[in-house]
Q: 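Input: one structure, supplied below.
Remember, it's 1-based here, ligands and their atoms both numbered in the order they're listed. The first residue in the sequence is number 1, and the count goes up from there.
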Amino acid sequence: MSEHSAGLRTEQLTVRYGGVVANSDISLTVEPGQVVGLIGPNGAGKTTFVDAVTGFTSCTGEVWLGDRRIDGLAPHRRREIGLTRTWQSGELFGNLTVAENILVAARPGGVAALGRDVFGRRASRDDRVVERALAAVGLADVGRTLARDLTLGQQKLVGVARALAGTCELLLLDEPAAGLDSHESLEFASRVRAIAEQGPGILLIDHDMSLVLGVCDVVYVLEFGRLIFSGPPDAARTDPAVVAAYLGVPMETADA
Ligand SMILES: Nc1ncnc2c1ncn2[C@@H]1O[C@H](COP(=O)(O)OP(=O)(O)OP(=O)(O)O)[C@@H](O)[C@H]1O
């Protein structure tokens with residue numbers, strides 16, 4: 001992670017898939033150190049937004065990381081300058097250790113590179129990358145554990161550590177807590193908050209409303225590709241448009 005993280009800003013980001021406007025004029029900001037939620041019903045366009053920001057789908061409009069406009073950059077260049085993400089299908093490689101799972105994502109050459117020079121001069125630098133990434137998610141001692149031997153909650157955190165390894169200015173988490181029980185989800189939320197406090201802004205997509213509304217500083221709500229709300233989580237809980245589009249009924253505040 002960088003000590004001086006850069007925020008994310010999009011201006012009128014629009015994605016069309018044929019006749020479907022999956023994202024329409026989305027202007028959104030994630031400041032360094034902020035946790036920002038992006039919520040909405042299935043098919044609202046949340047993953048499309050992450051794909052567009054990270055360069056995996058094309059868009060019109062503008063994407064900025066700090067003072068650098070990045071919407072013309074290839075996905076791997078955006079990753080190199082610190083725009084990192086998790087994937088909805090972000091399973092770990094069960095037969096690899098946690099450290100190997102992290103290095104596979106963090107290093108050019110992937111699994112092959114691990115075999116080539118695991119005993120070489122890059123090894124100590126790799127150790128530091130793994131150490132820092134695991135410390136950031138509060139899992140200092142699991143580097144040598146096989147990924148399949150972790151609890152689901154630990155696996156989710158290693159998925160986040162994998163995204164944090166190397167340069168991370170801005171972290172996009174796409175349904176990172178799917179499948180966690182309420183206790184694990186609370187633990188996950190505190191880790192997300194702790195990561196943001198170390199510098200990077202975080203964009204969090206999840207359907208667990210206790211998690212999102214509990215941990216985020218700001219939330220944006222999408223419906224049919226359009227933003228229908230942006231503001232503090234407590235205002236989202238009772239906003240009529242958000243309730244009608246997504247929540248169904250107003251939600252109590254976290255401390256109610
Ligand atoms: N590659 C694609 N080609 C064509 N249409 C797509 C593609 N990806 C997504 N869509 C469409 O774009 C819209 C937004 O989908 P998206 O997956 O971004 O929604 P989402 O909010 O992430 O949904 P979920 O909560 O189910 O993950 C949907 O109508 C979807 O069918």
Q: Determine, for E80 against R77, whether the closest basic-nitrogen to carboxylate-oxygen distance falls under 4.0 angstrom.
A: yes
Q: Relative to each other, are the rings of W87 and F56 parallel, tilted or perpendicular (30° and 60° limits)?
A: perpendicular
Q: Looking at D206, L203, T86, I205, which one forms a side chain to side chain contact (heavy atoms under 4.5 Å, CB included) with L173?
A: T86
Q: According to side chain to side chain donor-acceptor pair (under 3.5 Å), who are the partners of R193, at least two apart in sequence or on a separate chain?
A: D217
Q: Does atom CZ (R226) have a neighbourhood of more than 12 heavy atoms from anything else shown, all under 6.0 Å?
A: no
Q: If you apply the rule side-chain contact (heavy atoms from CB on, under 4.5 Å), what do you find for D239 with I228, and how did you get there?
A: CA-CA 10 Å; D239 181 89; I228 59 166; 6.0 Å; no
Q: Show me the short polar-atom pairs for ligand 1: any N or O of it lying under 3.5 Å from a protein N or O, with distances only.
A:
residue	atom	partner	partner atom	Å
ligand 1	18 (O)	T48	N	2.9
ligand 1	18 (O)	T48	OG1	2.5
ligand 1	19 (O)	G45	N	3.2
ligand 1	21 (O)	A44	N	3.1
ligand 1	21 (O)	G45	N	2.9
ligand 1	21 (O)	K46	N	2.9
ligand 1	21 (O)	K46	NZ	2.7
ligand 1	22 (O)	T47	N	2.9
ligand 1	22 (O)	T47	OG1	3.1
ligand 1	23 (O)	G43	N	2.8
ligand 1	25 (O)	N42	ND2	3.2
ligand 1	25 (O)	K46	NZ	2.8
ligand 1	25 (O)	H207	NE2	3.0
ligand 1	26 (O)	N42	ND2	2.9
ligand 1	27 (O)	Q88	NE2	3.1

